[in-house]
Amino acid sequence: MNDSPGWASPGSAPSDGKEKAIPRPSDPQDGSGPTGQWSPEQPPPGQWSPPSNPGSGPGTPPPAPGWGGGQQRHGWAGPPPAAKPGVIPLRPLSLGEILDGSVSALRAHWRTALGFSLTVSVITQIAVILMQRYLLPEPTSIDPNATGTEALRQTADSARSTLISLAPASLLSMIATLFTASVVTVIISRSVLGRPTTLADSWAEARPRVLPLLGLTVLVAVIMAAIMAVGIGPGLLLGSEAGAALAFLGFAAACVVMLWLNVSFALAAPALMLERQSIVAALRRSAKLVRGAWWRTFGILALTYLLTFLLTFLVSIPFTAIAVVADGTEVSDLFGGTAPSVGWPFLIVTGIGEVIVSTLIYPFVAGVMALLYMDQRIRREALDLDLARAAGMPGYGDNTPRS
């Protein structure tokens with residue numbers, strides 16, 4: 001970014017053989033330091049002194065068990081606290097610090113982040129409601145007493161109708177997520193440095209990367225669809241009981257591969273936004289950062305999506321109940337075999353609930369992704385030193401006082 005620590009310049013260490021043109025944190029930048037030195041200008045070491053032992057000498061009883069005896073805890077000054085110019089301390093982060101950092105950044109910049117997310121959510125939901133009312137076909141009714149071939153036909157028709165109904169809403173939701181994630185990623189990067197930002201600045205920074213971000217999302221979706229097709233295709237072509245069993249096994253195997261790839265590519269969007277990587281380079285960069293930390297990344301993402309699911313559930317229930325009462329729709333119709341014909345009251349009330357959920361979830365998830373990306377770079381590439389220098393923290397880089 002223009003005034004941030006150089007996400008694609010010193011310290012970012014992008015993959016694919018581009019390291020020679022970019023000094024990495026693990027290499028001396030002027031050739032004068034020893035091997036493995038992060039930088040020729042380092043933060044001052046923690047001030048400490050060896051444990052005192054005032055009782056040494058003839059006739060003095062030996063100290064208590066443990067080096068230094070009871071004076072040990074007073075002899076050490078301990079490591080210096082991590083710099084914290086913004087919403088997170090500049091050191092490897094815990095799960096709680098990643099989640100709290102995302103919430104803190106949104107709270108500090110709520111006008112920018114939540115205002116943009118609210119605008120995008122309202123526009124998206126209006127488009128979804130209009131499509132549900134005028135463009136999408138009526139849901140297919142299912143006869144609960146149907147058996148055999150008729151039951152299979154009704155199930156297939158219902159599944160096809162559901163996919164047709166969900167596809168436009170899913171597409172609009174994906175586009176809304178992209179716009180929100182692009183702006184929130186910029187806001188998070190500024191919040192880490194403790195710098196203010198406006199919506200105009202954030203959008204100007206994010207706008208050139210929106211189309212590449214859309215291409216990244218489409219490419220990942222195509223990869224996942226191809227994996228699923230390869231998994232279940234052979235079994236469906238057989239069209240027998242053995243084919244059904246083969247399709248089920250292929251489906252299970254495809255789900256495992258898709259899960260592994262989704263976690264491996266989870267940091268591609270922040271890498272594309274902050275390092276100005278290309279689409280393929282961002283995927284490789286994400287896989288490189290996640291390598292060796294797959295289970296940790298999976299756990300953080302699983303907890304994040306669990307929290308968003310609970311929030312969606314808690315908000316949707318009361319709004320759905322209000323919508324049913326306002327529209328006069330029978331609850332049995334919503335969960336039964338008949339297809340309810342919902343009116344404007346139902347669509348508007350449920351749409352308000354969707355706007356509230358989307359306004360909160362879109363930026364929160366994008367913030368977690370951005371902070372998880374920074375955490376992995378801090379752990380692997382000492383990005384915390386570059387961030388501390390960029391934030392102007394005393395004792396780092398060019399900001400070190402000279403005697």
Side-chain angles (χ1 to χ4, degrees), residues 1-2 4-27 170-171 173-186 188-189 205-231 233 253-298 300-301 362 365-381 383 386:
M1 298 184 299
N2 295 335
S4 57
W7 297 100
S9 55
S12 63
S15 54
D16 306 326
K18 299 179 181 178
E19 293 91 333
K20 293 183 179 180
I22 301 173
R24 299 181 54 161
S26 58
D27 299 325
S170 300
L171 178 62
S173 177
M174 181 189 72
I175 295 174
T177 303
L178 289 175
F179 277 98
T180 306
S182 62
V183 172
V184 170
T185 301
V186 175
I188 292 291
S189 66
E205 189 79 27
R207 183 176 54 198
R209 309 303 297 167
V210 170
L211 286 180
L213 191 60
L214 176 61
L216 173 67
T217 305
V218 171
L219 178 59
V220 172
V222 170
I223 291 174
M224 299 305 161
I227 292 173
M228 182 58 67
V230 170
C255 288
V256 172
V257 175
M258 290 167 60
L259 175 63
W260 180 77
L261 285 178
N262 271 310
V263 175
S264 299
F265 294 157
L267 306 183
L272 183 142
M273 288 294 302
L274 298 177
E275 296 185 25
R276 301 296 193 265
Q277 297 274 15
S278 65
I279 294 175
V280 176
L283 293 174
R284 293 175 178 172
R285 181 79 165 122
S286 176
K288 179 180 179 181
L289 290 173
V290 174
R291 188 180 303 126
W294 191 94
W295 284 107
R296 180 176 181 272
T297 306
F298 168 75
I300 294 175
L301 295 178
Y362 290 164
V365 174
V368 170
M369 295 295 186
L371 291 178
L372 184 56
Y373 157 83
M374 295 180 193
D375 174 61
Q376 284 302 109
R377 288 196 56 189
I378 288 174
R379 293 172 182 271
R380 293 178 178 269
E381 302 169 358
L383 180 65
D386 289 330

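We number each residue from 1, following the sequence as shown. Just so it is clear, the values below take in all heavy atoms, side chains as well, and ignore hydrogens, waters and symmetry mates.
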Looking only at non-hydrogen atoms, find the nearest pair between L267 and Y373 and report the distance.
CD2-N, 3.9 Å
L178 side, atom CG; L213 side, atom CG - distance, nearest 0.5 Å
4.5 Å
Taken to the nearest 0.5 Å, the spacing of M228 CE from M224 CE works out to 10.0 Å
Straight-line distance of I175 CD1 to S170 OG, nearest 0.5 Å:
11.0 Å
Is it true that a side-chain atom of R209 and a backbone atom of L272 form a donor plus acceptor pair closer than 3.5 Å?
yes
Is the closest side-chain heavy-atom distance between L214 and M174 below 4.5 Å?
yes
Treating E205 as the side-chain partner and V186 as the backbone partner, does any N or O pair qualify as donor plus acceptor under 3.5 Å?
no
Under 4.5 Å between any side-chain heavy atoms of S182 and R207, yes or no?
no
Rounded distance [0.5 Å steps], CZ in R377 versus CD in E275
4.5 Å
Is there a side-chain contact between S189 and M374, using heavy atoms and a 4.5 Å cut-off?
yes
Salt-bridged, E381 to R285, with N to O below 4.0 Å?
yes
Less than 4.5 Å apart, side chain to side chain, heavy atoms only: is that true for L372 and L301?
yes
Enumerate the residue pairs fulfilling salt bridge (charged side-chain N to carboxylate O under 4.0 Å, His left out) with a member in residues 365-375, sequence neighbours excluded, ordered by first and then second residue.
R296-D375, D375-R379
Are any side-chain N or O atoms of W294 and backbone N or O atoms of W260, one a donor and one an acceptor, separated by less than 3.5 Å?
yes
For the student: nearest non-hydrogen atoms of A370 and T185, plus distance:
CB-CG2, 4.3 Å
Please identify each residue that fulfils side chain to side chain donor-acceptor pair (under 3.5 Å) with T177, with sequence neighbours left out.
none
S264 and S286 have their tightest heavy-atom pair at O-OG, 2.6 Å
Mind checking what makes side-chain contact (heavy atoms from CB on, under 4.5 Å) contact with L283, not counting sequence neighbours?
L216, L219, V220, F265, A268
Side chain to side chain, F298 and L259, heavy atoms closer than 4.5 Å
yes
I need the T297 OG1 to M369 CE distance, nearest 0.5 Å.
10.0 Å
Minimum heavy-atom separation for A254 to G231, with atom names?
CB-CA, 4.4 Å
